[in-house]
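Written out below as structure tokens is the structure these notes cover.
Just follow the structure's listing: the first ligand is 1, and inside any ligand the first atom is 1.
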Amino acid sequence: MLSAVRRCYNLKPQVPRVRYLCSTTVPAGSKVSAHSFEDFVHKRQEEATRSVIVQVSSERSFPELYNYCRDYGNIISAFHYCVRHDDVQHYILLEYENAQQASEAIDSAAYNEDLTGVPVRSPFLWFRATGRKTIQRDTVSGSKTQLAALDGIRIMDNEALMGTLREAVDIEKQIALLYENTKLNDLGIRLRFLAASQVQQAISGMFPLARALPFGSSVNGFGKNGCDLDLILRLDEECKGPDSKKRPESRLVFHTKENLTNGRSQTQRQMESIGDMLHLFLPGVCHVRRILQARVPIIKYHHEHLNLEIDLSMSNLSGFYMSELLFMFGEFDERVRPLIFCIRRWAQSCGLTNPSPGRWISNFSLTCLVIFFLQQTKQPILPSINTLIRSAAPEDVRITEDGINCTFARNFEAIGFSSKNSNKISDLLLQFFEFYSQFDFQNKAISLNEGRAVSKPDHSALYIVNPLEQLLNVSKNVSLEECERLRIEVRNAAWVLESEVENYQQTGVDKSQEPWGLLNLFKTPDKNIIRPNMFFKPRILEVSELFDNTETPPATKSTSSNTATA
Ligand code: GTP
Ligand code: MG
């Protein structure tokens, strides 16, 4: 499509750009070559410095906008998207060849004469109508204006998605379609890095080394379209990694402001000021809320030009390094991301997860459960974190200012892990449900570091050892009832999925007979359906055949919800 834009507007050929797994389709059955997280983040940050966002009256403004803006440099791609509130607002993201050209476009911008607002310069612009009829000189007659994306961040509604899945040839294809149609797309990633760049730019005068780093589902490869942006703002150069030198040899030393209070209070005070700055000065930022008493103090805000909910923190980088770990697990094997998408969707549909935090399992904990399962298969699909730690080189050393050791190998070749497991994703999905149907939640904790179940150190209902702070439990919030519900739902899911596989093997897919496959797995549970009220016994393979390192499954239990496990 981009080539069509170039043809229409005589765009110069584009220098081939690196494409990232997060934004590309992985052909089924082929291995992907793994990318480094730091390269991914660095290239997206650089891309943001070359981009501007222009509000337009509709996508039809593109030829005129393009003709106007190319005076400042070579536009190599353009994307249209809409933000829907009471009415529909249209935006076009223009990507220039270099940051200088984007700056020239920004520097050329004027303030609206009627403007009573604060005169801030930023990459968020709008395209003023001229009041006279413009000639679309570059529109090739008969050819339509095209953009790389049209309404590019629209989320497919559930009905359309289920219709798409219904048309698939088999469950394997349904999983692939679910992933392709719901994962965060290229434009979504661009907008998130622009949001980060806006914050970083805003404080760059006082803090030229400051970094605003996206983490969480926006960058770990497990984000879906429309996901919130988690952002960490660092004022110092710690985030530059091991290359950053504190210049011990320099005889010139900066005068600095002394810290007024202890570390946490200081961070809270700084965040109050940052919150004010966002609220008072940054275009697009609205509904700023300061949640400074939380364990990790955050500022929440909405960006009306990007249609984004943003959580900004300043505390420590362990969440960022955790995202790097998750990103790497997604890069190890092309089955990991589609499988996790499918399991997250299932958990959402049966109410195990909820967008607001509470006594239920979070998406992050659920992702840990899937990764742990993939470390457990007889032929593991993912390595343990200890394997990554053992392969670390000196350049992988990362210790946060709170002393959290985030050292693990970043170089896939050095880790040298490859899996011999060739199971299809649909088989892995069923095995996941079977595995947790029989997992001893009562006595065992899940350790991604060890890649095996370990004894539970306390009485938490669900215990997932925090991979970067091993004395903590990632799922400490999960109540006994929610853990029990998880056990019941995985059994039900195994039962449903096994029936679907059997039906498919007997009759093939009959699209007239709907719903089928994943649609039945994602159905809101019907309380009237009687599921086998006994311990789930897998019929495809014995669990003991599938998994190493697990203890014997616990004795048969009723699926009744009042069966306490701890
Ligand atoms: P959604 O926001 O639900 O789409 O998923 P998310 O992965 O972004 O989860 P969330 O916003 O809850 O957390 C953001 C990121 O912080 C996660 O992806 C992890 O990288 C990290 N994180 C969350 N909880 C923990 C934790 O208990 N320990 C550590 N080290 N990191 C965490
Ligand atoms: Mg998040």
Side-chain angles (χ1 to χ4, degrees), residues 22 37 40-41 155 179 182-184 188-189 192 195-196 213-233 239 291 294-303 308-330 336-337 340-348 351-372 385 388-389 398-408 445-449 460 462-478:
C22 293
F37 183 67
F40 162 74
V41 170
I155 298 170
Y179 176 58
T182 57
K183 70 176 180 183
L184 184 61
I189 297 172
R192 282 160 178 76
L213 294 165
F215 69 106
S217 54
S218 295
V219 291
N220 65 19
F222 302 124
K224 52 180 189 175
N225 263 329
C227 67
D228 295 355
L229 169 63
D230 300 294
L231 207 54
I232 181 157
L233 177 63
C239 49
I291 301 164
R295 189 176 65 86
V296 178
I298 55 169
I299 298 169
K300 280 181 166 296
Y301 63 97
H302 180 76
H303 203 297
L308 266 182
E309 284 301 320
I310 301 169
D311 285 358
L312 181 120
S313 61
M314 291 178 69
S315 299
N316 78 58
L317 280 172
S318 72
F320 177 77
Y321 292 130
M322 193 59 231
S323 301
E324 183 170 26
L325 258 181
L326 295 187
F327 177 91
M328 287 182 68
F329 280 126
V336 175
R337 287 177 180 145
I340 287 178
F341 266 68
C342 190
I343 290 168
R344 281 187 174 203
R345 184 88 190 190
W346 157 78
Q348 182 193 1
L352 280 174
T353 51
N354 189 307
S356 52
R359 292 156 68 85
W360 35 85
I361 190 164
S362 66
N363 272 329
F364 175 61
S365 295
L366 192 63
T367 304
C368 291
L369 289 188
V370 185
I371 290 170
F372 179 71
I385 293 176
L388 270 55
I389 293 172
R398 308 277 190 284
I399 303 193
T400 69
E401 60 177 11
D402 309 22
I404 302 169
N405 192 342
C406 303
T407 304
F408 51 83
I446 284 159
S447 167
L448 279 67
N449 302 68
S460 306
L462 176 62
Y463 202 112
I464 303 173
V465 178
N466 187 324
L468 296 176
E469 291 166 272
Q470 291 182 48
L471 294 177
L472 302 179
N473 173 11
V474 161
S475 53
K476 197 174 172 55
N477 62 308
V478 177

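Near Asn220, the atoms of ligand 1 lying under 4.0 angstrom from a non-hydrogen atom of the residue are 7 (O), 18 (O). Ligand-side atoms of ligand 1 in range of Gly216: 8 (O), 14 (C), 15 (C), 18 (O), range being under 4.0 angstrom from any heavy atom.
In terms of heavy-atom proximity, Phe341 sits nearest to Gly223 at CZ-O, 3.1 Å. In terms of heavy atoms, Arg398 sits closest to Thr407 at N-OG1, 3.1 Å.
Ranking protein heavy atoms by distance to atom 28 (N) of ligand 1, first place goes to Asn466 ND2, 3.1 Å. Closest protein heavy atom to atom 9 (O) of ligand 1: Phe364 CB, 4.3 Å. Looking only at heavy atoms of the protein, atom 2 (O) of ligand 1 is closest to Ser217 OG, 3.8 Å.
Residue Asp230 places a heavy atom less than 4.0 Å from ligand 1. Not a single heavy atom of Ser362 sits closer than 4.0 Å to an atom of ligand 1.
Looking only at side-chain heavy atoms (C-beta outward), Thr353 and Ile361 come within less than 4.5 Å of each other.
Not a single N, O or S atom of Asp311, from either the backbone or the side chain, sits less than 2.8 Å from the Mg ion (ligand 2).
In this structure, Phe329 has its ring center no closer than 6.0 Å to that of Phe222.
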